[in-house]
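First up is the structure itself, then whatever we jot down about it.
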Amino acid sequence: MDLTLSEPYRILQAEIRDFIRQHGDKSPKVGGGRKRPDQKTLDWQKRLVENGYAGRTIPKEYGGFGATPDVMAAAVIAGEFARANVYAGLTNQGISMLVPTLLELGTDEQKRQYVGPTIRGDIIWCQGYSEPNNGSDLANAQTKAELKDGHWIVNGQKIWTSSAHYADMMFLLCRTEPDKSKHDGLSYLLLSMKSPGLDPRPLKTMTGRNEFNEVFFTDVKVPESQIVLGRGKGWYVANVTLKHERLMIGDAGKMTARFEQLISLLQTSEIDGTKLIAMPEYRDRLLRLQGEVMAWKAHNLRLLTEAAQGVDSGVKRMIIKYGGTMLGFRLSSLAVDALGAAGLPYESLGEDAEDDDATTWNIDYMYDVGLMIGGGSTNIQKNIIGERGLDLPREPKAAGRA
Amino acid sequence: MDLTLSEPYRILQAEIRDFIRQHGDKSPKVGGGRKRPDQKTLDWQKRLVENGYAGRTIPKEYGGFGATPDVMAAAVIAGEFARANVYAGLTNQGISMLVPTLLELGTDEQKRQYVGPTIRGDIIWCQGYSEPNNGSDLANAQTKAELKDGHWIVNGQKIWTSSAHYADMMFLLCRTEPDKSKHDGLSYLLLSMKSPGLDPRPLKTMTGRNEFNEVFFTDVKVPESQIVLGRGKGWYVANVTLKHERLMIGDAGKMTARFEQLISLLQTSEIDGTKLIAMPEYRDRLLRLQGEVMAWKAHNLRLLTEAAQGVDSGVKRMIIKYGGTMLGFRLSSLAVDALGAAGLPYESLGEDAEDDDATTWNIDYMYDVGLMIGGGSTNIQKNIIGERGLDLPREPKAAGRA
Amino acid sequence: MDFGLTLEQRQFDDSLRAFLADNLPMDRLRVLAESGTGYDETLWNNLTELGLHGLLVPERFGGAGLGILDAALAAEALGNAAAPVPYLGSVVMATLAFINSASEAQQDEYLPMIAAGECRFAVAFPSLAGQTGTSSVQYADGRLSGRVAGVADAGAATHFLIYLPDGHAAVVDAANASTQFHRSIDRTRPIVDVTLNNAPAVRLDAANAPLAAAHRVLDAGRVIVAADTLGSAQHMLDAAVAFAKERVQFGRIIGSFQGLKYTLAECVTALEPCRGMMWYAAYAQDALPDEARLTACHAKAHLSDVARDVARLTTEVHGGMGFTDLLGLHFWFKRISFNRQILGGPERCREEAADLQGWKSRA
Amino acid sequence: MDFGLTLEQRQFDDSLRAFLADNLPMDRLRVLAESGTGYDETLWNNLTELGLHGLLVPERFGGAGLGILDAALAAEALGNAAAPVPYLGSVVMATLAFINSASEAQQDEYLPMIAAGECRFAVAFPSLAGQTGTSSVQYADGRLSGRVAGVADAGAATHFLIYLPDGHAAVVDAANASTQFHRSIDRTRPIVDVTLNNAPAVRLDAANAPLAAAHRVLDAGRVIVAADTLGSAQHMLDAAVAFAKERVQFGRIIGSFQGLKYTLAECVTALEPCRGMMWYAAYAQDALPDEARLTACHAKAHLSDVARDVARLTTEVHGGMGFTDLLGLHFWFKRISFNRQILGGPERCREEAADLQGWKSRA
């Protein structure tokens, strides 16, 4: 255990502080981030990549900064940006899920083509996993792709595709080997959202915004080479991707940032002239959450250290999505309670402008419920923790059923 | 909705107050009750039965007071005893479970023989349901009884038999029809704990007391007539009994009494000279519990009214054990926290004397965990609520399994 | 003693629920929710015919002269249908304010109008209710000035009834108030900020103990909100149970999975006792004055907490469909959110309960 | 940066756990628990040989000079074995008290004895720790009088170290104190009330800021208790997982039922992050002085709450066997109960955290 900064990291820290002093005023607002990045954000992201504060460990040849993986450096960077309340860079499904998947399993050509533009925010990805009738049962995907004359011809329907309405590309889980078993019949394709025959229709969520889409495929042509790892390997690739998603959702940095915002909210909100943070009935909840966030941050440091050592963290990693989603919801719950009646006015401006604070917290509050459902529901997560993490036996197959 | 007292109930109320004024000093201490009743308690119980404050609606011919069922009267009686903090009479498995079962399903002879002595506390019953290998799966009972020459010959083993070490009688679920299916092969027998070949061995629990027993049966002879309802009807009878047990465990009167004790505990306990009830971090928990207890009491009034009207309360009744056990545990949790370090000394005097308050609360705290397990575990209760209460489909039978 | 509903109560409940089922199908609810005003003229007038508006108005002023339990049952039905009706302010709180605090002449002027659905009151409690949002009003010589934030049921108000810090209430014609309208998170009820600039106001002066009278109105309002929350949560639970019996995943009806079954069992175990609690609290407002405030505080607080869990868990049970706009389940989710925050959140209600019981003195 | 354990730490942990597994099987634990003194001479002396007692004692006084993280890891192992060892008071808190507050001569007198396991200190914090139970002591002219209730690790103490309200500590020989011994709910550690009647006392006067020095001892003590709780809860969870993989009911291994599986998944999700939290808090005591108090308060409070749930749920997983004495699972259940209440319960710890952050001022 050593959390002190040795010389190189103190230099890095000084560099970052200098960078923020010089350029911090160009940072987009922290938070939000369920929209297509605007020009200000793209400019900022590019600057971060150039300085190695985003895409730091992505090889130079694929458009990154080419630093060797270094948990300490990552922690210093995250810490300095959080402290200064400056935007620490894009996090989206392309950056957090597809890029690590491609780096692990993609061809050199795929890496060259997609990694750089994705980390710069120029290519936005969406995920084609769920289908109307398979909800949490992803391996049961029925959207099919047939190989004809060097192209995959895709037909079917996906749902819960976040950001499909503004994404450039999709990573798609589809059935290419109808003769094989459920899990062995899938492949993982990369395709342009501008492909003819592809029709994304926005799906409004409870937040009132179009955060998801249904996507219809009618004879959509995808070049044969746009497959990752190979035919029938889709389930394996998808699981690599999902592993990264779970880590993204339970992100300790997000929890910390949210907790800090919550403190200021309780310090500025009042009832009858008394600050809420001085009212024990609110403060006690804040204190309980502070304990939880502390544990979460420490756990994250532990995972980062293990990742840097190449250790498989097992159940410690598997709890991240479930635990993080629930913690996030408890944080936003206290926020909407602190806002109280004064926080009830609600107009989400969608992609056109910044929402006000109350609306943003209310969206978080609802979106967190969505996160309990999406990316593998809470119950699926508990199955994973119990069966893969604790090695408990699987549910026996029902007699006479599929 | 009418909670006012009409004339006859105001008279009843006055009578009870008079009774308590006259005899209240003879009341045993409220609470406790997991021991064989002492002479003081038996004398008190007899007095209650004579005055119709216990066994009130039991027909006179079976030793009760013979009043017609009247929820209002029951509520007035319970209310007055609770207000005066006077012992409201025995509650044990015989009174709460076996007596209503016999009144519903027993022969006239069985009622005459057992009901009166049971409600007076002269016969103490224990329950022979669980077995070492069937835990929550009661219908899987393997203890068998064979009919030979007018007697059932019982062999096998029971476990979790509370009070078997001081009980006079047992109601026993055993397998009499080995050729029939699991549920149709059971019968329900009544037998003396003094029967030769019956060997109860105390089972110490986490409280340090012998609250349960293992009971071994070796060729125990039980007269043929000691069966309730008939051969193969045991599962049906046992379920009638269990229904009453669940109501007993979630008893609102117990919650109310416990909550009142909790208030005084918080009003008398101090840290650094400040009463705990004045510390918001404790008080807020007390307030939350007050809301829960209020809801629980009102729910109980609703069930009593429905019972008086002969309405089957369905899911409203099925939630009682699960909800009541959890609420009881939250109450005792706050109590042990209020006692704090000063409440850690622990010596249970068992059946020999009154435990001190701290020990009593600690026993409650642990015993409540036992209640989550006993009488149909929490998970079994949730199955009942889901399947019988909400009509959700049963778990499919596992392929190729029992 | 009889802890249950009368035949008349059950019949009125049936007819109200049948009416709402017929008149407020999901597509109609969507249309009304778009404006977010929490008011629709046709719906309002039809409910007048059903006798809803005069529920609490004494018979001599043209009402049914019923009690707060009756009003709470109607609130539960309205919550169950997520009905955009300014019921809390006009039908319940304003009526009670006139009954408790107005002169015979004032009652004679306003109560028949309320019963006939000819006016719609929004009732504002700056400070007394413990809402967030700064509010302050002053009364002098028949005029009101100041600002009240976060007024519910004011989307189409014809009148405002504004409580002063001393417990007196004053009536202001909506035409003399300047209002800022906000669609709220719950599109079936808006939030309005009211600004008054020397607005002509009629003060209700007949209560001997104005603060106590004001509290009777606030307490009843909290019970009504709790009842609305109960109806909303029950709708969500019923919908989730129905969904769990139909939806197939992994080759099984999802309600047969223990994980989901236990979630629903926990919801019903928490929610069902709240119905008795609400009945008791509503009954106490009329019949048990010693328990009126305490039960109102706890009913509002406890229902808020139970319903938050039920709202989340039942949405989860619906999977992705629960999170979309498609099923409209979110109308109830948000109604529960809205109810939690108005007239004082659970934390505030519980602290008032502590005050009532003298639990805050340190020695 | 490296957020993990060193090879040496893992090796010491392995050897300590192996030693405890060999020397404290269930039947031995039962024997030691019967007296409830929380002390066994053989076990104590063997642990001396392992080097446990000198863990924190500087090398020049015969110890290993290690840090609080090392001490916390040992506490976790002791909790995991429910070991009846007066570790908290003697090995950790007394040692730190001497290091922080004693003169060189006092250190020279006592620290080597501690390292050699030749004395056993019980440390008492009347008022400062926020325990329930009235305590009050006065110091004058080298003598202590008064009473301290609820002292942990005092079942076989040779010395008492009593903190005064001003943060000074004073050493009293156990022979000069009158003690009332109680077996506690946790039979692996007793609770002792100490009465002092003009008892000769040696005051530790070397700290520049005695209250701050006292808090360093208290904070470390809380981290140690949190670590013990973590070890205890982990034992219960591991036992429940193992049980769920073996036990058959309804024709299935019970761990295959979703209800049970989800319970265990929830336990591990809550408990596992506590390990990082404990490491961080322990490390902070030595390396991050600004965070030392806050992390200690939160570690004590959060572990208490998580472990209470884990204790209940894992007992439930064991069914009836979990509730009996047979498996001995209750030793850990009760150890968690005990740890929760000593040195200030979670409510107190969180209120101190609020004070530290200035969160209690109203304006």
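Only this structure's heavy atoms are used, side chains among them; waters, hydrogens and symmetry mates stay out. Numbers restart at 1 for each chain; the letters A, B, ... are given by sequence-line order, proteins then strands.
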Heavy-atom proximity to chain A below 4.5 Å, by part of [X]:
| X | answer |
| --- | --- |
| D:Leu294 | both |
| D:Leu69 | side chain |
| D:Glu347 | neither |
| D:Ala287 | neither |
| D:Ala301 | neither |

Evaluate the side-chain proximity of D:Leu96 to D:Arg216: yes if any heavy-atom separation is below 4.5 Å, no if none is. no
Which of the residues [options] is involved in the greatest number of heavy-atom pairs with chain A at under 4.5 angstrom?
| options | result |
| --- | --- |
| D:Leu5, D:Thr295, D:Val268 | D:Val268 |
| D:Phe257, D:Tyr283, D:Tyr280, D:Trp279 | D:Tyr283 |
| D:Ala244, D:Pro273, D:Ala265 | D:Pro273 |
| D:Ala282, D:Gly276, D:Ser256, D:Ala270 | D:Ser256 |

Test item: side-chain donor near acceptor, [X] and [Y], under 3.5 Å:
| X | Y | answer |
| --- | --- | --- |
| D:Gln9 | D:Asp13 | no |
| A:His299 | D:Glu272 | no |
| D:Gln234 | D:Glu76 | no |

Should [X] and [Y] count as an ion pair when the cut-off is N to O under 4.0 Å?
| X | Y | result |
| --- | --- | --- |
| A:Asp368 | A:Arg330 | no |
| A:Arg10 | A:Glu7 | yes |
| A:Glu292 | A:Arg288 | no |

Can you tell me if A:Lys316 has over 12 outside heavy atoms packed within less than 6.0 Å of its NZ?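 Check passes, neighbour count above 12.
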Flag the one option from A:Lys297, A:Glu387, A:Arg302 with the top tally of heavy-atom pairs under 4.5 Å to chain D.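 Of the candidates given, the most pairs with chain D belong to A:Arg302.
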Tell me, for A:Leu276 versus chain D, whether the close heavy atoms (under 4.5 Å) come from the side chain, the backbone, both or neither. neither
